[in-house]
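Below is one structure, written out as structure tokens; the observations come after it.
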Amino acid sequence: QVQLVESGGGLVQAGGSLRLSCAASGRIFSINYMGWYRQAPGKQRELVAGISSGGDTNYVDSVKGRFTISRDNAKNTVYLQMNSLKPEDTAVYYCNCNVKITSWSTRRDYWGQGTQVTVSS
């Protein structure tokens, strides 16, 4: 019912930048929280950054000052601008959205398919 399509991953040298996008489509009444998670090989998935419907943001300490999350509510899209990338940022990045499909339904989390970000040293 709801699809999340991510784009923008790739290979970049340390110090470089990438911008991830995640567009939600399908039956959507409202989107509350939107976030980006990442999972590196052998590690647990972690929250990188999140943004509320009102624009409040939160970041994991390791990316503060380097990454910026933003959203376009008209397009149901969330972005992650990643600057000053480091090899330790290498991971699969996943988009997460908390969605209501009707005014009376409960909220549910949806996930994107993931996009690979590789930072070379």
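Count residues from 1 along the sequence.
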Show the atom names and distances, to 0.1 Å, of all donor-acceptor pairs under 3.5 Å that link a side chain in residues 114-121 to residues at least two apart or in another chain.
{"from": "Thr115", "atom 1": "OG1", "to": "Gly9", "atom 2": "N", "distance (Å)": "3.4"}
{"from": "Gln116", "atom 1": "NE2", "to": "Ala91", "atom 2": "O", "distance (Å)": "3.4"}
{"from": "Gln116", "atom 1": "NE2", "to": "Thr118", "atom 2": "OG1", "distance (Å)": "3.3"}

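For the pair Arg45 and Tyr94, the distance from NZ or CZ to the six-membered ring centre is under 6.0 Å and the angle to the ring normal is within 45 degrees. Geometric assessment of Arg71 against the ring of Tyr79 yields a negative cation-pi assignment under the 6.0 Å and 45° thresholds.
With hydrogens and angles disregarded, a donor-acceptor distance shorter than 3.5 Å links the side chain of Tyr59 to the backbone of Ile69. Looking only at distances, no side-chain donor or acceptor of Arg107 sits under 3.5 Å from a matching main-chain atom of Val99. Glu6 places a side-chain N or O within 3.5 Å of a backbone atom of Cys95 that can act as its donor or acceptor partner.
Taking all atoms of both residues into account, the shortest heavy-atom contact from Met82 to Leu20 is CE-CG, 3.7 Å. Here the closest non-hydrogen pair linking Ile101 and Gln1 is CD1-OE1, 3.6 Å. Scanning both residues, Ser105 and Lys100, for their nearest heavy atoms gives O-CE, 2.9 Å. Closest approach of Thr77 and Met34 over heavy atoms only: C-CE, 4.0 Å.
A salt bridge does not link Lys86 with Asp89: none of the charged nitrogens is closer than 4.0 Å to a carboxylate oxygen.
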Exercise for the section: Quick one: do Asp109 and Asn96 satisfy side chain to side chain contact (heavy atoms under 4.5 Å, CB included)? Show the steps, please. Expected result: CA-CA 7 Å; Asp109 281 336; Asn96 169 262; 3.7 Å; yes
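Cys97 has its side chain within reach of Leu4: a pair of non-hydrogen atoms, C-beta onward, lies under 4.5 Å apart. Between Gln3 and Tyr110, every side-chain heavy-atom pair lies at or beyond the 4.5 Å cut-off. Residues Ile31 and Asn76 meet the side-chain proximity criterion, which asks for heavy atoms closer than 4.5 Å. Counting only heavy atoms from C-beta outward, the side chains of Thr68 and Leu80 never approach each other to under 4.5 Å. Looking only at side-chain heavy atoms (C-beta outward), Val2 and Ile28 come within less than 4.5 Å of each other. Proximity of Glu46 to Arg38: side-chain heavy atoms (C-beta onward) are separated by under 4.5 Å at one or more points.
Note: Ser21 OG to Lys75 NZ = 9.5 Å, rounded to the nearest 0.5 Å.
Defined by atom type and a distance below 3.5 Å, a donor-acceptor pair is present between the side-chain atoms of Tyr33 and Asn58. A donor-acceptor contact under 3.5 angstrom links the side chains of Ser17 and Asn83, judged on distance only.
Hydrophobic clustering (side-chain heavy atoms under 4.5 Å, transitive across Ile, Leu, Val, Met, Phe, Trp, Tyr) keeps Trp36 apart from Val92.
Within the 6.0 Å centre-distance limit, the rings of Trp111 and Tyr37 are counted as a close aromatic pair.
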